[in-house]
Amino acid sequence: LVLAALLILPLQAANPMSIVADINQIVDPHSDSFPAQSLVVGNQFFFTADDGINGTELWVSNGTPSGTHLVRDINPGSAGSNPDQFVALGDLLLFRASDGGFYGNHELWRSDGTAAGTWRVRDIRPGPFGSNPAWLTAIGNVVYFTADDGTSGTELWRTDGTAAGTVRVSDLRPGPLGSAPLKLQRVQQTLTFFADTGSGYTFWRSDGTAAGTQPLGNLELCEFTSTSAVLWDNYLYFAADNGVSGCELWRTDGTSVTQWADIQPGPGGSNPAWLTPFGNKLAFVATTSTGREPWILQAKDNASLLYNIQP
């Protein structure tokens with residue numbers, strides 16, 4: 001039998017590493033429980049696992065075999081509810097899950113680690129399709145996320161963990177298409193994100209109100225990879241185009257934006273990507289007259305070619 005839930009925790013000094021619980025005990029050559037989507041909330045370790053009977057569901061552990069158990073079988077049967085998008089809100093876990101149906105019906109759920117304390121926060125899009133919440137981001141006592149209510153398309157929402165406190169923040173693109181916000185990020189105490197109001201993805205900020213959801217500069221996002229925007233030293237660095245300098249490196253503290261380096265002067269831009277914090281520096285790749293090579297940034301307008309690998 002393949003051992004399943006390898007939750008590597010320092011349990012005892014004499015045996016610092018051990019299996020916490022063998023979740024999937026079905027006698028089968030492929031009986032792994034595939035633990036994933038883990039997050040510690042308070043003194044509880046939440047994760048997803050498949051016990052071979054209930055499909056992938058939400059589990060919780062205190063680091064002991066007896067304290068490791070299925071939280072709730074949200075979608076009864078072998079399909080599982082496939083929880084993901086974990087984020088902590090106080091002592092609660094908020095996540096996305098499906099309670100079944102041909103189209104998944106993914107909605108926002110919450111859990112305190114008990115079956116009785118695990119329920120759907122709000123049925124944002126009643127029916128079989130679900131609102132498909134994504135980009136869950138906690139700031140203070142609020143979690144921001146994107147969702148599609150079936151009428152306004154995918155827009156920015158917020159929740160305090162209650163049905164009444166789960167509301168759409170703003171309808172940035174009226175109509176069924178929605179502004180499809182992405183890359184929600186906490187920058188200091190402000191939410192930043194990119195949204196498409198009809199002319200491409202631009203940079204926005206929000207304080208959780210419709211009036212306080214405003215564009216930050218006239219900037220268009222250059223690309224949609226996971227490395228095109230990164231939090232470093234309490235600022236968000238990202239690649240954007242202001243229509244003058246081409247795609248270059250910018251940064252924000254959530255209240256204003258500043259072009260941080262014009263690596264390739266002119267309208268062509270250097271197209272920075274693979275932004276990676278590196279100690280007190282920011283490493284990335286950029287294109288100049290030397291070609292596309294690795295660069296390093298230490299301060300404003302202090303970007304330099306790290307190494308010309310292919311002269």
Side-chain angles (χ1 to χ4, degrees), residues 1-12 15-136 143 145 147 159 161 163:
L1 180 65
V2 180
L3 294 181
L6 290 175
L7 309 180
I8 302 173
L9 301 172
L11 298 178
Q12 302 174 15
N15 184 18
M17 196 161 38
S18 64
I19 185 170
V20 175
D22 187 3
I23 293 172
N24 189 337
Q25 300 186 32
I26 303 298
V27 180
D28 183 274
H30 307 289
S31 58
D32 299 310
S33 66
F34 299 102
Q37 294 290 329
S38 61
L39 185 67
V40 173
V41 181
N43 60 357
Q44 299 188 100
F45 177 66
F46 289 93
F47 62 101
T48 61
D50 182 351
D51 61 5
I53 299 172
N54 299 302
T56 300
E57 290 288 357
L58 182 66
W59 285 67
V60 70
S61 177
N62 63 3
T64 68
S66 61
T68 302
H69 58 86
L70 174 70
V71 176
R72 176 179 169 181
D73 189 8
I74 294 173
N75 184 14
S78 60
S81 64
N82 298 295
D84 63 1
Q85 298 278 333
F86 284 12
V87 68
L89 180 62
D91 291 330
L92 296 174
L93 174 75
L94 266 63
F95 59 99
R96 175 177 64 185
S98 166
D99 62 2
F102 181 79
Y103 297 102
N105 194 24
H106 289 86
E107 290 289 356
L108 184 67
W109 286 68
R110 56 173 277 175
S111 178
D112 64 0
T114 68
T118 302
W119 66 79
R120 185 173 56 196
V121 177
R122 176 181 168 183
D123 191 4
I124 295 174
R125 184 176 183 176
F129 294 98
S131 64
N132 195 31
W135 297 99
L136 274 65
V143 168
F145 61 99
T159 183

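Just so you know, these numbers come straight off a predicted model, no measurement behind them. The analysis underlying the following values was restricted to heavy atoms, covering all of them including side chains, and did not include hydrogens, waters or symmetry mates.
With Ser111 as reference, Val71 is the one residue of Val41, Val71, Val60 to meet the side-chain contact (heavy atoms from CB on, under 4.5 Å) rule.
The two residues Gly117 and Thr114 make their nearest non-hydrogen contact at N-OG1, 2.9 Å. Between Thr68 and Phe47 the shortest heavy-atom distance is CG2-CZ, 4.0 Å. Of all heavy-atom pairs between Gln85 and Trp135, the closest is OE1-N, 3.0 Å. Closest approach of Trp119 to Trp109, counting heavy atoms only: C-CE3, 3.2 Å.
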Show the atom names and distances, to 0.1 Å, of all donor-acceptor pairs under 3.5 Å that link a side chain in residues 91-102 to residues at least two apart or in another chain.
| from | atom 1 | to | atom 2 | distance (Å) |
| --- | --- | --- | --- | --- |
| Arg96 | NE | Asp84 | OD1 | 2.9 |
| Arg96 | NH1 | Asn132 | OD1 | 2.9 |
| Arg96 | NH1 | Pro133 | O | 3.0 |
| Arg96 | NH2 | Asp84 | OD1 | 3.4 |
| Arg96 | NH2 | Asp84 | OD2 | 2.7 |
| Ser98 | OG | Gly100 | N | 3.2 |
| Ser98 | OG | Gly104 | O | 2.1 |
| Asp99 | OD1 | Asn105 | ND2 | 2.8 |
| Asp99 | OD2 | Arg120 | NH1 | 3.3 |

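Annotation: side chain of Glu57 is in contact with side chain of Ile74 (closest heavy-atom distance under 4.5 Å).
Partners of Ala79 according to the side-chain contact (heavy atoms from CB on, under 4.5 Å) rule, which considers only residues two or more places apart in sequence or in another chain, are Asn75.
To the nearest 0.5 angstrom, Leu70 atom CG is 8.0 Å from Leu58 atom CG. One finds the CG atom of Leu136 at 7.0 Å from the CZ atom of Phe145 (value rounded to the nearest 0.5 Å). We find the NE2-CG distance between His69 and Asn62 to be 8.0 Å, quoted to the nearest 0.5 Å.
Applying the salt bridge (charged side-chain N to carboxylate O under 4.0 Å, His left out) test to every pair with at least one member in residues 67-83, sequence neighbours left out, gives no pairs at all.
Under the 3.5 Å distance criterion, the side-chain polar atoms of Glu107 are left unmatched by any main-chain donor or acceptor of Val121.
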